[in-house]
Enquirer: 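Encoded as C-alpha cells, here's the structure I'll be asking about.
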Amino acid sequence: MSEILSQSQIDNLLSSLLSGNKESEPQEQIAGKKIKDYDFRSPKLFTREQLKLLYSIYENYARILSSHITGLLQTYTLVEIVEVEEQQYHEFNNALPDSVLMGIVDFDMQQDSHGEDLILMDFGKDIGFCAIDRLLGGVGKPLKEDREYTEIESAILEHVIRGMVHLMKNVWSDYVEAAPKLMKLESNARILQGISADENVVIVVMSILVNDTQGKITICIPAVTLDTIFKKKNAQTKKNLRRGDLLSEAQRKAAIMEEIHKTELELTGVLGTAEVLSKDLVELEVGDIIRLNKEEHELVDICVGETVWFKGEMGVFRKKKAISIKEKIERGSEPV
C-alpha cells in the first residue's frame, strides 16, 4: 500500500505545483532507499517490533491458508505475505474500488467486555471469481468482465471466507484467546461503518496465486482492536512469568507427580501361554485340556501392558481369585 499518498502529502504536492517548484516530491530515492516523510500530525502508534510480530503471525497464517485453499479448491494455491504497514483508515479505504467483497470480522476476544473488535478482510475479485469457477466444476479461470457478485456467488464466497476467518484462531492461540467469526459481507467500500476515517490501522497484504490467477487478500486491523490484543498478550505474558516465580522447581515436580499418581493402569495376571494350530483350535470342545508352558506351582507373571513387572502366586482373597506379589522384576541395576 506504499503507493497511496496521505492527505498531507497530497496537500504538499498541490502547493508545490502552484508555487512552480516541480522538484518537490513526497517520496525520494536516496542511495537506493525509499525515503518517506514522517507526518507528525498523525504519529505511528505501533513499534517496529509489534509490526514484526504481526508479520510473523500472518506469515504463519499464509502457510496455513495455502493448505486450506488448496484442499478446498483441489488445485495448486500459494499464499504469501507481502507487507505489514500502519496507515490511516481513509488511505486504505480510498485505495479500494467502489465494488469489493469485504468480510467484516469480529475478533471476539474472550472475557472482553467492551464490545466488538472489528477486523476487515478484502478478498480480491480476480481470486473470487476464480474460486467460484473452481468450486462449481470449472478449471478456475477469472472473469474477464468487471461486474458485481450475484447472490449465489456471494453465498459461495461467504462459505470460503468464513473458513479463512476461522483459521485465524490457530495462529493467534499462542498470544490471545480469541474466536474470530465472520459477521457479514459488504460489497460497497464506501459505506463501511465502525472505523473513523482518521483512525490508525495496520494493513496486512498477502498475495494469493490460484493456478495462473494472481490476486490479493488484504486484512485491515484497527488500532483499537490491535491495542486490545497487545494488552491481553502482555497481561498473559506477565501472568506466566508470575506463575513461574511463585512455583519453585520442587513444587512443580510435586504437582506433576501428583497428577501421574492419579493415572489408572491395568494389571494383568498371565498364568501361562500356549501355541496351538488353527485346525486344533477349531476342533476344541468342552472338557478339552490346553497345556500351558508353565508348571503347576510356578509363579504367575503380573504385567502392565505387555511388560512383566512382578511375579506372583495364585490364591483366593475374600472369596475372589487373587494374586499375591512375591517378586519384583529388576531391569539393569534399578529395581522397578
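In what follows, residues are counted from 1 in the order of the sequence shown.
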Enquirer: Between Ile219 and Ile119, is any pair of side-chain heavy atoms under 4.5 Å apart?
Expert: yes

Enquirer: Near Leu281 CG, under 6.0 Å, is it more than 12 heavy atoms from other residues, nucleotides or ligands?
Expert: yes

Enquirer: Measuring only between side-chain heavy atoms, which start at C-beta, is Gln88 closer than 4.5 Å to Val201?
Expert: no

Enquirer: With no hydrogens and no angle check, just 3.5 Å: does a side-chain donor-acceptor pair link Asp126 and Gln214?
Expert: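 There is no such pair (donor and acceptor under 3.5 Å, judged by atom type) between the side chains of Asp126 and Gln214.
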
Enquirer: Is it the case that the ring center of Phe129 lies less than 6.0 angstrom away from the ring center of Tyr149?
Expert: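 For Tyr149 and Phe129, the ring centres are under 6.0 Å apart.
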
Enquirer: With a 4.5 Å cut-off on side-chain heavy atoms, are Leu226 and Phe46 touching?
Expert: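 Counting from C-beta outward, Phe46 and Leu226 do come under 4.5 Å.
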
Enquirer: Taking C-beta and beyond as the side chain, do Asp227 and Lys231 meet within less than 4.5 Å on heavy atoms?
Expert: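 Asp227 vs Lys231: side chains touch.
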
Enquirer: Do any N or O atoms from the side chain of Asp106 and from the backbone of Lys181 form a donor-acceptor pair under 3.5 angstrom?
Expert: no

Enquirer: Check whether any side-chain heavy atom of Leu271 lies under 4.5 Å from a side-chain heavy atom of Met314, and answer yes or no.
Expert: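 Touching, per the 4.5 Å side-chain cut-off.
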
Enquirer: Any side-chain heavy-atom pair from Met164 and Ile217 closer than 4.5 angstrom?
Expert: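 Side-chain contact under 4.5 Å: yes.
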
Enquirer: Tell me, do Gln74 and Arg134 make a side-chain contact under 4.5 Å, heavy atoms counted?
Expert: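 Gln74 vs Arg134: side chains touch.
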
Enquirer: Salt bridge between Lys52 and Glu49, side-chain N to carboxylate O under 4.0 Å?
Expert: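 No, Lys52 and Glu49 are not salt-bridged.
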
Enquirer: Check Ile203, Asp198, Leu120 against Tyr89 for a side chain to side chain contact (heavy atoms under 4.5 Å, CB included) and give me the one that passes.
Expert: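 One option only clears the test, and that one is Leu120.
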
Enquirer: Assess whether atom CG of Asp212 is packed by more than 12 heavy atoms of other residues, nucleotides or ligands within 6.0 Å.
Expert: no

Enquirer: Check this for me: does any side-chain nitrogen of one of Glu258 and Lys253 sit under 4.0 Å from a carboxylate oxygen of the other?
Expert: no

Enquirer: Please determine whether the number of non-hydrogen atoms from other residues, nucleotides or ligands lying under 6.0 Å from atom CZ of Arg48 exceeds 12.
Expert: no

Enquirer: If you look at every heavy atom in Gly140 and Thr213, which pair is closest and at what distance?
Expert: O-OG1, 3.9 Å

Enquirer: Charged N to carboxylate O under 4.0 angstrom, Asp301 versus Lys294?
Expert: yes

Enquirer: Step through the shown structure and confirm whether more than 12 heavy atoms of other residues, nucleotides or ligands are within 6.0 Å of NZ on Lys141.
Expert: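 Atom NZ in Lys141 is not crowded, with 12 or fewer foreign heavy atoms closer than 6.0 Å.
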
Enquirer: Kindly indicate whether the side chain of Tyr58, heavy atoms from C-beta on, has any atom under 4.5 Å from the side chain of Val205.
Expert: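 When only atoms from C-beta onward are counted, Val205 and Tyr58 do not touch, as no gap falls below 4.5 Å.
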
Enquirer: Mind checking whether Trp172 and Tyr61 have ring centres under 6.0 Å apart?
Expert: no

Enquirer: Step through the shown structure and confirm whether more than 12 heavy atoms of other residues, nucleotides or ligands are within 6.0 Å of CG on Leu136.
Expert: yes

